[in-house]
Number of protein chains: 2
Amino acid sequence: MANEIKAELAAGKLAEYEQLSKIYDDIVKQARPHLTVEGQGKILLALADEDHLSQRQLATRLGMSPQSTSEFVYKLVKRDLVTLTKSQSDRRINLVNLTTAGRQAIESADQEVPPFVKLLSDDELDQLSFLLNKITVAMYADIDAANPTLGVKFHKLFASRYLKQFKK
Amino acid sequence: MANEIKAELAAGKLAEYEQLSKIYDDIVKQARPHLTVEGQGKILLALADEDHLSQRQLATRLGMSPQSTSEFVYKLVKRDLVTLTKSQSDRRINLVNLTTAGRQAIESADQEVPPFVKLLSDDELDQLSFLLNKITVAMYADIDAANPTLGVKFHKLFASRYLKQFKK
DNA sequence: CAATTTAATCAGGTGCCCTTATTATATATT
DNA sequence: AATATATAATAAGGGCACCTGATTAAATTG
């Protein structure tokens with residue numbers, strides 16, 4: 001019983017955090033443009049991980065329809081952040097390649113640790129990472145059970161964007 | 001230094017959680033329709049808190065433009081979840097009222113504590129709530145500093161949806 | 001009473017996604 | 001080789017959550 005209330009409280013806080021972080025993002029975005037982990041941003045992030053992917057590969061990795069992928073790629077082409085080149089081995093395939101500008105867009109949008117995270121103590125940070133890890137592991141399992149074809153493993157990549165230490 | 005890495009790790013986990021929860025929502029939504037805390041859902045939630053608000057009031061509380069508010073209200077009217085009645089004291093005002101169906105939609109969509117939260121121990125739930133509270137408090141402050149007019153306090157309401165105990 | 005403010009709506013637009021055709025190109029089958 | 005089938009990508013159209021810039025109607029103010 002007591003446990004039930006605690007769980008509701010935690011779930012509520014989690015929901016509140018999610019809502020707030022949308023607003024937070026909007027505000028921060030106005031100050032300094034930053035990559036969203038949606039649409040075009042997703043594509044860029046995937047290409048940062050591995051360049052010269054086909055649209056089909058992108059779609060699979062990102063768990064979205066090839067049509068949507070094509071749309072975002074097209075928008076990125078218009079913004080000169082990627083180019084398309086026909087594969088020589090299979091001329092149906094349109095390879096998506098980051099341009100210098102595209103690469104720069106990713107770098108310059110490098111995620112900064114938000115201030116509200118910085119204000120936690122060492123111990124608290126450990127606790128938070130531990131708890132969130134427990135939660136995300138369970139989520140991956142649930143999502144995978146519901147839809148094994150979803151390219152969801154990919155999302156770990158978004159998390160690693162914060163880890164500057166690990167980049168080169 | 002060590003602290004910096006811990007912070008990056010936690011920030012990354014937080015980002016990963018947010019991404020995953022979008023996907024999680026989509027999957028859960030297919031199984032059982034549920035209110036989103038966006039658009040029409042936001043309106044319903046606000047009305048659940050206080051019925052018979054003007055569109056202007058809704059817009060202010062929800063921190064969105066009156067035009068968007070009007071759009072969502074109109075969609076809800078078409079779905080017979082709310083009705084519009086002209087205010088008698090000020091005939092410019094169109095009051096938005098929940099219908100029985102609207103009220104039911106809110107109740108029946110009552111949030112359930114997600115399984116991944118339930119799997120935490122009592123202590124872990126306490127820790128998580130504490131940490132998230134610390135974070136959200138800081139977020140409220142930052143958001144308010146950036147844009148004091150934003151009706152952001154409202155979002156606490158979303159959190160309270162989980163607290164069945166507290167409802168009537 | 002004229003001028004201004006306010007509530008709501010209309011019109012049009014953006015971004016993220018989806019589904020249902022189509023069009024090329026490849027590969028497998030006869 | 002010729003046909004059938006599978007696959008990569010695109011076109012077309014739609015839905016949802018927002019937004020900005022007019023416009024209209026009703027209130028308030030001077």
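The analysis underlying the following values was restricted to heavy atoms, covering all of them including side chains, and did not include hydrogens, waters or symmetry mates. Computed from a predicted model, the values in this text were never measured in an experiment. Just so we're on the same page: letters track the sequence lines, and every chain starts at 1.
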Of all the heavy-atom pairs spanning [X] and [Y], show the shortest one and how long it is.
X	Y	value
A:L128	B:A10	CD2-CB, 4.3 Å
B:L81	B:A105	CD2-CB, 4.3 Å
B:T136	A:Y17	CG2-CA, 3.9 Å

Next item on the list: Test for a donor-acceptor pair under 3.5 Å between the base of D:dC18 and the side chain of B:E71, counting only N and O atoms.
Entry: yes
Item checked: Under the salt bridge (charged side-chain N to carboxylate O under 4.0 Å, His left out) test, residues paired with A:E124 that sit two or more places apart ->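 A:E124: salt bridge (charged side-chain N to carboxylate O under 4.0 Å, His left out) contacts with B:K134.
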Item checked: Contacts of B:K118 that satisfy salt bridge (charged side-chain N to carboxylate O under 4.0 Å, His left out) - sequence neighbours left out ->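 For B:K118 there are no salt bridge (charged side-chain N to carboxylate O under 4.0 Å, His left out) partners, ignoring immediate neighbours.
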Notebook entry, point to check: Hey, does B:T69 have a side-chain heavy atom less than 4.5 Å from the side chain of B:L62?
Noted result: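 A side-chain contact under 4.5 Å is absent here.
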Check: Touch check for B:T69, heavy atoms < 4.0 angstrom, all strands: base, sugar-phosphate only, or nothing?
Finding: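 Here B:T69 touches no strand at all.
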Notebook entry, point to check: With sugar-phosphate meaning primed atoms plus P, OP1 and OP2, does B:Q67 contact a base, only sugar-phosphate, or nothing at under 4.0 Å between heavy atoms?
Noted result: base
Notebook entry, point to check: Residues from residues 87-99 of chain A sitting under 4.0 Å of DNA chain D, heavy atoms only?
Noted result: A:R92, A:I93, A:N94
May I have the distance from [X] (atom [atom1]) to [N] (atom [atom2]), rounded to whole angstrom?
X	N	atom1	atom2	answer
B:M64	D:dC19	CE	P	8 Å
A:D25	D:dC18	CG	P	14 Å
A:E38	D:dC18	CD	P	12 Å

Checklist line | Among D:dA8, D:dA17, D:dC19, the one nearest A:R56 by side-chain distance | finding: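 Selected nucleotide (nearest to the side chain): D:dA8.
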Note to self: Closest-nucleotide mapping onto DNA chain C: is B:S70 or A:Q40 further toward the 5' terminus? I mean the 5' end.
What the structure shows: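 The 5'-side residue here is B:S70.
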Notebook entry, point to check: Contacts to DNA chain C from residues 72-83 of chain A, heavy-atom cutoff under 4.0 Å, which residues?
Noted result: A:F72, A:K75
Note to self: Tell me whether the side-chain N/O atoms of A:Q57 come closer than 4.0 Å to OP1 or OP2 in D:dA8.
What the structure shows: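 The answer is no; no side-chain N or O of A:Q57 sits under 4.0 Å from OP1 or OP2.
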Item checked: Under 4.5 Å side-chain linkage, directly or through intermediates, the cluster mates of A:I93 ->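 Answer for A:I93: A:L95.
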Checklist line | Spacing of CG belonging to B:L120 relative to CD belonging to B:Q127, to within rounding of 0.5 Å | finding: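 So the gap between those two atoms works out to 9.5 Å.
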Check: Does anyone know the first and last nucleotide of DNA chain C in reach of chain A, 5' to 3', at under 4.0 angstrom to a heavy atom?
Finding: C:dG15 to C:dA26
Residues forming a side-chain hydrogen bond (donor to acceptor under 3.5 Å, both in side chains) with [X], sequence neighbours excluded:
X	answer
B:T100	none
B:E50	B:R61
B:T85	B:N97
A:R91	none

Next item on the list: Evaluate the side-chain contact (heavy atoms from CB on, under 4.5 Å) criterion for residues A:I135 and B:K13: first the C-alpha distance (whole Å), next the side-chain angles of each, then the deciding distance (0.1 Å), finally the verdict.
Entry: CA-CA 10 Å; A:I135 287 175; B:K13 276 291 162 197; over 6 Å; no
For residues 70-80 of chain B, which side-chain donor-acceptor pairs fall under 3.5 Å, sequence neighbours excluded?
from  : atom 1 : to    : atom 2 : distance (Å)
B:E71 : OE2    : B:K75 : NZ     : 3.0
B:R79 : NH1    : B:Q40 : OE1    : 2.7

Provide a list of protein-nucleic acid N or O atom pairs under 3.5 angstrom, restricted to nucleotides 2-4 of chain D.
none

